[in-house]
Amino acid sequence: MRLSTWLDENHRLPRLDLELLLCARLKLTRAQVIAHRELQIDQAALAGLRRDVERLNNAEPLAYILGSREFYGITLSVNPAVLIPRPETELLVDLALKVITPGMRVLDLATGSGAVAIAIAANCESIELHASDLSLDALNVARHNAHQAGVELTFLESDLFASLNGRYDLVLSNPPYVAENDPHLPALRYEPLLALVSGSDGMTALTRIIQTAPDYLVHNGVLMLEHGFDQAMRVQTLMRESFHDIQTHPDLGAHDRVTTGRRK
Ligand code: GLN
């Protein structure tokens with residue numbers, strides 16, 4: 001079957017998703033898929049594509065079907081042990097790169113696929129970078145991703161700060177922050193609840209981090225937290241006790257997404 005015929009047959013699915021499946025199954029670049037619609041798909045590839053389309057029809061995320069997702073220009077492996085990196089989380093990396101200077105000790109708490117830590121590692125020299133997670137399965141994905149990206153950092157198993165030592169100049173995190181009864185959760189059913197949900201209001205992990213972080217930050221050390229679009233005021237209020245210079249930053253969709261502050 002020709003690429004063009006297959007694309008027409010599946011026209012109800014997003015064109016970009018279909019093209020990315022073709023790239024993966026036929027080992028072609030996107031430019032080739034776009035320029036050579038006349039190419040033939042062999043039987044083995046066609047059978048694979050049929051299974052892929054079935055998964056897409058079941059609303060499984062393309063990133064899990066392909067087993068990878070781009071984040072900050074880096075290709076990361078993902079599987080259902082980790083949240084799929086979101087484009088809005090690149091804001092956390094942008095903000096971190098603005099404050100990091102050589103010699104700093106930096107921690108990415110609840111690193112998941114390692115996306116944030118690996119993007120920082122790829123863009124910073126001479127820092128001591130740690131990335132922690134509660135989930136060993138997630139840490140395995142993150143370690144693999146760091147290796148693939150050719151960056152070096154230290155991975156630590158820890159329930160938030162529980163098993164960590166010493167003080168950091170910067171602690172950043174994209175923790176779970178979705179409320180237990182959030183109406184969007186059914187759409188996220190393929191992703192790990194551990195990485196998404198945190199209590200009835202989504203604030204449990206954020207609250208624990210804000211209350212414990214002062215013990216793990218140097219004086220004037222920076223805390224940067226990703227949170228839900230409607231959680232900025234609650235995060236700011238919690239931070240006021242031990243932090244100053246508190247600011248909330250909007251993501252590309254103009255939603256309040258990351259709040260930062262310095263330890264008093
Ligand atoms: N931004 C993600 C979502 O809404 C949630 C990520 C998280 O809980 N850390 O799908």
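In each ligand, atom 1 is the first atom listed, and ligand 1 is the first ligand listed. Computed from a prediction, not measured in an experiment: that's the story for all the values here. Count residues from 1 along the sequence.
- Residues Val99 and Leu223 fall into different hydrophobic clusters, defined by Ile, Leu, Val, Met, Phe, Trp and Tyr side chains chained together at heavy-atom separations under 4.5 Å.
- Under a 4.0 Å criterion applied to the non-hydrogen atoms of Glu88, ligand 1 contributes the atoms 1 (N).
- The residues Arg37 and Asp8 are annotated as not salt-bridged, no charged nitrogen and carboxylate oxygen being separated by less than 4.0 angstrom.
- Counting heavy atoms closer than 4.0 Å to ligand 1, residue Ala195 contributes backbone atoms (N, CA, C, O) but none from C-beta onward.
- Here the protein heavy atom with the shortest distance to atom 9 (N) of ligand 1 is Pro175 O, 2.6 Å.
- Of the heavy atoms in Leu188, only side-chain atoms (C-beta onward) come closer than 4.0 Å to ligand 1.
- Protein heavy atoms are found inside the 4.0 Å sphere centred on atom 1 (N) of ligand 1.
- Only side-chain heavy atoms of Arg86 come within less than 4.0 Å of ligand 1; its backbone N, CA, C and O stay farther off.
- Glu241 has no carboxylate O lying under 4.0 Å from a charged side-chain N of Arg263, or vice versa, which leaves the two without a salt bridge.
- Residue contact annotation: His184 has no non-hydrogen atom under 4.0 Å from ligand 1.
- The existence of a salt bridge linking Glu19 and Arg30 is confirmed by a sub-4.0 Å separation between a basic side-chain nitrogen and an acidic carboxylate oxygen.
- Met239 and Leu217 end up in the same hydrophobic cluster when Ile, Leu, Val, Met, Phe, Trp and Tyr side chains are linked at under 4.5 Å.
- Using a 4.0 Å cut-off between heavy atoms, Val197 makes no contact with ligand 1 at all.
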